[in-house]
Amino acid sequence: MKNNWLYKHRFLIARRIVQLTILGLYIAGTAYGWNILVGNLSSSKIFDVIPMADPYAVLQMFAAGTMLAIDVLIGAALVVLFYSLIGGRAFCSWVCPMNMVTDLANWIRVKTGLHKDEWQLRISRKTRYWILGLSLVLSFLIAAPAFEFISPISMLHRGLVFGMGFGWLAVLGVFLFDLFVTKNGWCGHLCPLGGFYSIISKPSAIRVKHDADKCTLCMNCKNVCPEKQVLWMVGKESVFVTSGECINCGRCIEVCNDDALNFGLRFKPTKEVKNNA
Amino acid sequence: MADKGPVDKDRRKFFIRTLQGFGLAALGGTIWGGYVAEAKYDEIVLRPPGAVPEEEFIKKCIKCGLCVEACKNRDNNPDETKQTATLRLAAPGDHRPRGNGKYIYPKEVPLGTPYFVPREIPCYMCEDIPCTVACPTGALDTDLVSSVKDGKKVLDINKARMGVAVVDLEHCIAYWGLQCDACYRACPLIDEAIKLELKRNPRTGKHAFLLPVVYPDVCTGCGLCELACVTEKPAIFVLPRHLALGEVGKHYIKGWEKKDEGRIKGSKGVEKTITPRSEKKPEDYLNVEDLLDEE
């Protein structure tokens, strides 16, 4: 049972279901007037009541120099609270539609053997923070939210919900970049939204936990991980993956044959210890 | 000179990387910023009712499409399948001229922001203004489309100023003397925003001109007239107010309007510049014997 395909891809399947459901609900919100989820990933409403907003977009708008209505501020705060305290950088792997595009590029890369050194342009993973900083400076200078004008994520999601136009060109660009230039190039190196979530989700509770005693050093986890650097402890220390850059996709957990990786809660109540003592 | 100790490689690497980062950021920032600065402004775009001034709108619009969704799924959408609606979100490529140049189409609507093209679908001026109400950021401000009734704020779509209708006197067939009052009848503020003015037609001598005239202080810019216009390219069309209207400046005051005249209150009056010459009366000046040889 533990070796069957479904079990080995349980998080991947769950993620695709979540991603597609969210996308489907947004599309139905506009196409059929369903009110479960209306708007798009920039800002939306759940059941016409609970607001949500992209905190990075809101930050850029602040940098552009404007005061916003309370709705969108509450929305952004809710999103920040959820990802920073609970979910981690799960937006990138469980919600963002671009994840499916880049995962496809990555999958083709691996299947076709493109996953070699000569097909890898080395870019620093810190580039995303530079772009993040740059976007805020530009927003300030130009008095407009700078990344929102070029974001391929917004173009893709907004396009799927409200009409694509030539937005698919930007998506194709990201796909080809990830396929031919750099593995996980967009999501893991350049995307400032991912960088933003990396920063805010550092304290989150849901984390991958490594058990070095069980690890056989097969390195399956590192091969499959889109943010390898977060798994520095594999085979060395039994600790939580604490880097904000971990997207909580759960791929490492699936491919581990030794049960050395699992999701866990970082801040477990320590009651049991007290009771024993 | 400091002794040539071992080079601190980490330190050197840090500086190199930082400077490289600044270099790349400067290059990338110029291109990126240049694009955004160009792409953030379209002069002839028409925004939904209650939109704050364009410069502020660009900062505030989060591009979520809640207004578009509200417009599409309102109960009174004439398109009962709800496939189309007045408002749409600008997608990449929308700036290509549409309608074969047969009507005004905005050229470069900033990506993801809502706009409408009246000749295709005008604003039907819903009384509950679902689009403005839906906006989470204040880019569409209900205060701009509300009036106070009995001390309460009530939505009032007639206060919307999405644009203003302009008549092309050359190609409006009513100005040729033909009978057409399509725009006048289409106007939701009939006889307020568009009035028909009666004039004798001297060409025939026995017919009347019924000339549509737009009153910009009432016109909301909904564009129903533009849609109704019978000419091939509409002879009445909506333009953003800042394009179509002039400005007289603050120093003009309408003395015949109580409200406008109120602006003078508290003013210190006109300051006089006194020079030796201005102390003389005009008559003195006129009565000088030789005007050219004055003084």
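Proteins come first, then strands; the chains are lettered A, B, ... in the order of their sequence lines, and each starts at number 1.
- Of all residues spanning residues 58-73 of chain B, those with a heavy atom less than 4.5 Å away from chain A's heavy atoms are B/Ile58, B/Lys59, B/Lys60, B/Cys61, B/Ile62, B/Lys63, B/Cys64, B/Gly65, B/Leu66, B/Val68, B/Glu69, B/Lys72, B/Asn73, arranged by number.
- By number of non-hydrogen pairs under 4.5 angstrom with chain B, the leading residue of A/Asp71, A/Val161, A/Val58, A/Asp54 is A/Asp71.
- For chain A, the nearby part of B/Tyr35 is the side chain; its heavy atoms alone come within less than 4.5 Å.
- Of all heavy-atom pairs between A/Trp130 and B/Gly21, the closest is CZ3-C, 3.5 Å.
- A 6.0 Å sphere centred on CG of B/Asp75 holds no more than 12 heavy atoms belonging to other residues, nucleotides or ligands.
- For B/Glu38, the CD atom is loosely surrounded, since the number of other residues' heavy atoms within 6.0 Å does not exceed 12.
- Per-residue counts of heavy-atom pairs under 4.5 Å with chain B were compared for A/Gly167, A/Ala146, A/Ala64; the largest is that of A/Ala146.
- In terms of heavy-atom pairs under 4.5 Å with chain B, the best-connected choice from A/Ala170, A/Gly165, A/Ala143 is A/Ala143.
- Of the residues considered (A/Leu68, A/Ile70, A/Leu138, A/Leu141), A/Leu138 shows the highest number of contacts with chain B, using heavy-atom pairs under 4.5 Å.
- Within a 6.0 Å radius of CG in B/Asp217, more than 12 heavy atoms belonging to other residues, nucleotides or ligands are found.
- Per-residue counts of heavy-atom pairs under 4.5 Å with chain A were compared for B/Gly138, B/Pro110, B/Gly112; the largest is that of B/Gly112.
- Within 6.0 Å of CZ on A/Phe140 lie no more than 12 heavy atoms contributed by other residues, nucleotides or ligands.
- Within 6.0 Å of CD in B/Glu55 there are 12 or fewer heavy atoms belonging to other residues, nucleotides or ligands.
- Nearest approach of A/Arg158 to B/Ala90, heavy atoms of both residues: NE-O, 4.5 Å.
- Heavy-atom pairs under 4.5 Å with chain B peak, among A/Leu41, A/Thr66, A/Val137, A/Asp48, at A/Thr66.
- For A/Phe147, the parts sitting under 4.5 Å from any heavy atom of chain B are the backbone and the side chain alike.
- Chain B forms the most heavy-atom pairs under 4.5 Å with one residue out of A/Ser43, A/Ala57, A/Gly65, A/Gly133, and that residue is A/Ser43.
- Contacts between A/Ser135 and chain B at a heavy-atom distance below 4.5 Å involve backbone atoms as well as side-chain atoms.
- Looking at A/Met61, the atoms closer than 4.5 Å to chain B (heavy atoms on both sides) sit in the backbone and in the side chain alike.
- Within a 6.0 Å sphere centred on CZ of B/Phe14, heavy atoms belonging to other residues, nucleotides or ligands number 12 at most.
- Between A/Phe149 and B/Ala39 the shortest heavy-atom distance is CE2-O, 3.8 Å.
- For A/Ile142, the parts sitting under 4.5 Å from any heavy atom of chain B are the backbone and the side chain alike.
- The contact list for residues 127-137 of chain B toward chain A, using heavy atoms and a distance under 4.5 Å, reads B/Pro136, B/Thr137 by residue number.
- Heavy atoms of other residues, nucleotides or ligands lying less than 6.0 angstrom from NZ of A/Lys222 number more than 12.
- When heavy atoms are compared at a cutoff of 4.5 Å, A/Ile131 approaches chain B by way of both its backbone and its side chain.
- A 4.5 Å side-chain heavy-atom check between B/Pro92 and A/Trp168 finds every atom pair outside the cut-off.
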